[in-house]
Amino acid sequence: MPINSKIVVLTTCFVAGAATAKDRDESYHADFVFGAPAESTEAWEVTRGGRLYDNWYATQDMDKPEDTHPAWPASNVKKSGGVTTRCKSCHGWDYRGADGKYGSGSYQTGIAGVMGYSGDATALEALLRAEPHGYSEDMIPKDHAQYISTFLAKGLDDMNTVINFDTGEVAGNIQNGAAVFQTTCASCHGFDGRALDWGDADEPGYVGTEANANPWEVLHKIRNGHPGVEMIALRAFDLQVGVDVLAFTRTLPVK
Ligand code: HEC
Ligand code: HEC
């Protein structure tokens with residue numbers, strides 16, 4: 001099949017939004033997305049943990065829970081249902097909870113961050129099974145709790161050193177970011193970041209849209225990938241490479 005028609009087929013599938021690699025029945029992707037290497041490196045484990053932190057159910061191809069998490073504060077009526085069970089919803093994309101960007105806005109909960117958490121895998125699993133978390137083994141199995149613990153121990157980038165907390169401005173080299181983006185990200189997102197759209201007709205969601213609205217979220221995804229799809233992760237490279245890409249993506253069209 002010529003390359004162009006392949007791209008058209010992929011793009012068409014993505015337009016619907018939440019389709020995962022499994023929905024699309026592309027088994028060659030499914031192993032990358034949901035499987036694990038026979039001998040996994042620490043970098044890979046950190047990224048799997050990072051995607052679980054982002055969205056544990058999409059990362060495992062599970063249904064989104066219907067109920068609001070019991071620890072979600074009643075004071076926040078803006079969010080409810082399954083989204084409130086994602087680690088990031090309480091602890092933040094910058095891992096700082098109430099001390100970070102979620103100190104205000106639609107995800108305000110007053111809950112502390114996870115930056116600097118020092119528990120090992122056993123301690124973290126116990127923490128996740130107990131109150132206030134209450135994740136069962138069916139929700140987050142033991143090996144997945146381990147990936148999250150590796151992520152918490154090795155994967156929490158200090159975003160305050162590279163993204164301006166108040167303005168969202170990014171301390172990155174745009175030219176270098178463009179070089180990386182054009183040779184990697186563009187294979188799926190297009191050169192201008194608009195080949196995939198997770199928004200709707202009125203409010204499109206492109207790489208440029210997201211990078212300007214929430215650079216903390218986009219840096220997390222650049223470093224760890226996006227749950228349930230075959231997106232790459234730049235974790236094996238220096239943080240600065242991801243920061244450069246982030247700086248470039250903020251120059252891309254938002255509409
Ligand atoms: C609905 C909100 C909520 C969600 C979702 C949530 N947590 Fe928590 N988490 C809490 C609360 C509450 C605490 C206690 C800290 C506090 O009181 O501010 C906590 C504490 C923690 C701590 C710190 C413990 C310590 O002693 O420093 C870690 C680590 C943690 N959570 C990891 C996770 C992980 C991993 C996930 C996802 C699998 C997750 N949390 C999902 C609410 C949540
Ligand atoms: C192999 C394909 C692929 C590559 C390469 C790739 N992505 Fe993605 N990316 C995806 C898919 C698929 C989605 C999910 C889109 C959706 O939900 O419709 C996604 C989602 C995203 C999202 C946000 C989604 C959201 O819901 O907030 C961002 C931001 C993003 N990618 C940025 C990047 C950047 C930057 C790079 C390069 C470092 C990159 N991607 C490389 C496939 C890819």
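Each ligand, and each atom within it, is numbered from 1 in the order the structure gives.
- Atom 8 (Fe) of ligand 2 does not have Cys188 among its coordinating residues (no N/O/S atom, backbone or side chain, under 2.8 Å).
- Side-chain atoms of Tyr102 and Asp94, non-hydrogen and from C-beta on, never get closer than 4.5 Å to each other.
- For atom 8 (Fe) of ligand 1, protein N/O/S neighbours under 2.8 Å (waters excluded) are His91 NE2, His133 NE2.
- Residue Tyr206 holds its OH atom at 7.0 Å from OG1 of Thr209, rounded to the nearest 0.5 Å.
- Remark: minimum distance from atom 41 (C) of ligand 1 to any protein heavy atom is reached at Tyr135 OH, 3.2 Å.
- Counting the atoms of ligand 1 from 1 in the order shown, those under 4.0 Å from a heavy atom of Arg86 are 5 (C).
- Nearest to atom 5 (C) of ligand 1 by heavy-atom distance, out of Leu152, Thr84, Thr109, is Thr84.
- Applying the 4.0 Å criterion to heavy atoms of His69 picks out, from ligand 1, the atoms 1 (C).
- Judged by distance alone, with hydrogens and angles left aside, the side-chain atoms of Arg129 form a donor-acceptor pair with the main-chain N or O of Tyr135 at under 3.5 Å.
- Residues Asn76 and Trp72 meet the side-chain proximity criterion, which asks for heavy atoms closer than 4.5 Å.
- The cluster map of Ile, Leu, Val, Met, Phe, Trp and Tyr, joined by side-chain heavy atoms under 4.5 Å apart, puts Met62 and Leu52 in the same cluster.
- Inclusion of Lys221 in the set of residues having an N or O under 3.5 Å from an N or O of ligand 2 is not warranted.
- Around atom 9 (N) of ligand 2, the closest heavy atom drawn from Arg223, His226, His189 belongs to His189.
- Close approach of ligand 2 to Ile222 is summarised as follows: ligand atoms under 4.0 Å from at least one heavy atom of the residue are 35 (C).
- Looking at Ile140 against ligand 1, only its side chain comes within 4.0 Å, counting heavy atoms.
- Applying the 4.0 Å criterion to heavy atoms of Ile232 picks out, from ligand 2, the atoms 5 (C), 41 (C).
- For the residue pair Ile111 and His91, the shortest heavy atom distance occurs at CG2-CE1, 3.7 Å.
- If you number the atoms of ligand 1 from 1 as listed, the ones under 4.0 Å from a heavy atom of Trp72 come out as 1 (C).
- Residue Trp56 does not touch ligand 1, judged by heavy-atom distances below 4.0 Å.
- Taking every heavy atom of Ile148 and a limit of under 4.0 angstrom, the matching atoms of ligand 1 come to 35 (C).
- With respect to Arg194 and Asp192, a salt bridge is recorded, a charged nitrogen being found less than 4.0 Å from a carboxylate O.
- Counting only distance, with no hydrogens or angles, the side chain of Arg51 and the backbone of His226 share no donor-acceptor pair below 3.5 Å.
- Atoms of ligand 2 lying under 4.0 Å from any heavy atom of Ser187, numbered from 1 in the order shown and given with element: 5 (C).
- Under a 3.5 Å cut-off, the side chain of Asp238 and the backbone N or O of Val241 do not form any donor-acceptor pair.
- Considering backbone and side-chain atoms together, Glu230 places no N or O closer than 3.5 Å to any N or O of ligand 2.
- Close contacts of ligand 2 with Glu210, meaning ligand atoms under 4.0 Å from a residue heavy atom, involve 27 (O).
- Of the candidates Gly116, Pro73, Ala112, the one placing a heavy atom closest to atom 16 (C) of ligand 1 is Ala112.
- Counting heavy atoms from C-beta on, the side chains of Trp93 and Lys101 never come closer than 4.5 Å.
- With a 4.0 Å cut-off on non-hydrogen atoms, Ala211 does not touch ligand 2 at all.
- Of the charged side-chain nitrogens involved, at least one lies within less than 4.0 Å of a carboxylate oxygen, so that Asp157 and Arg235 count as a salt-bridged pair.
- In terms of heavy-atom proximity, Asp54 sits nearest to Pro227 at OD2-CD, 3.2 Å.
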Test side-chain hydrogen bond (donor to acceptor under 3.5 Å, both in side chains) applied to Asn214 and Glu210, step by step: CA-CA 6 Å; Asn214 194 338; Glu210 209 76 34; 5.9 Å; no
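- Counting only distance, with no hydrogens or angles, the side chain of His220 and the backbone of Gly50 share a donor-acceptor pair below 3.5 Å.
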Compile the donor-acceptor pairs under 3.5 Å between side chains in residues 139-152 and protein atoms, sequence neighbours left out, one pair per line.
unit_1 : atom_1 : unit_2 : atom_2 : d
Lys142 : NZ     : Glu125 : OE1    : 3.1
Thr150 : OG1    : Gln146 : O      : 3.0

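- Close contacts between ligand 2 and Val218 involve ligand atoms 29 (C) [criterion: under 4.0 Å to a heavy atom].
- Remark: the backbone N or O of His133 is paired with a side-chain donor or acceptor of His69 at under 3.5 angstrom.
- Scanning the protein for heavy atoms near atom 26 (O) of ligand 1, the closest one is Tyr117 CE1, 4.3 Å.
- Every atom of ligand 2 with a heavy atom of Glu217 under 4.0 Å away is listed here by number and element: 27 (O).
- For atom 14 (C) of ligand 1, the nearest protein heavy atom lies 4.0 Å away or farther.
- A cation-pi arrangement, defined by a distance under 6.0 Å to the six-membered ring centre and an angle within 45 degrees of its axis, is absent between Lys88 and Tyr95.
- Both the backbone and the side chain of Met231 come within 4.0 Å of ligand 2, judged by heavy-atom distances.
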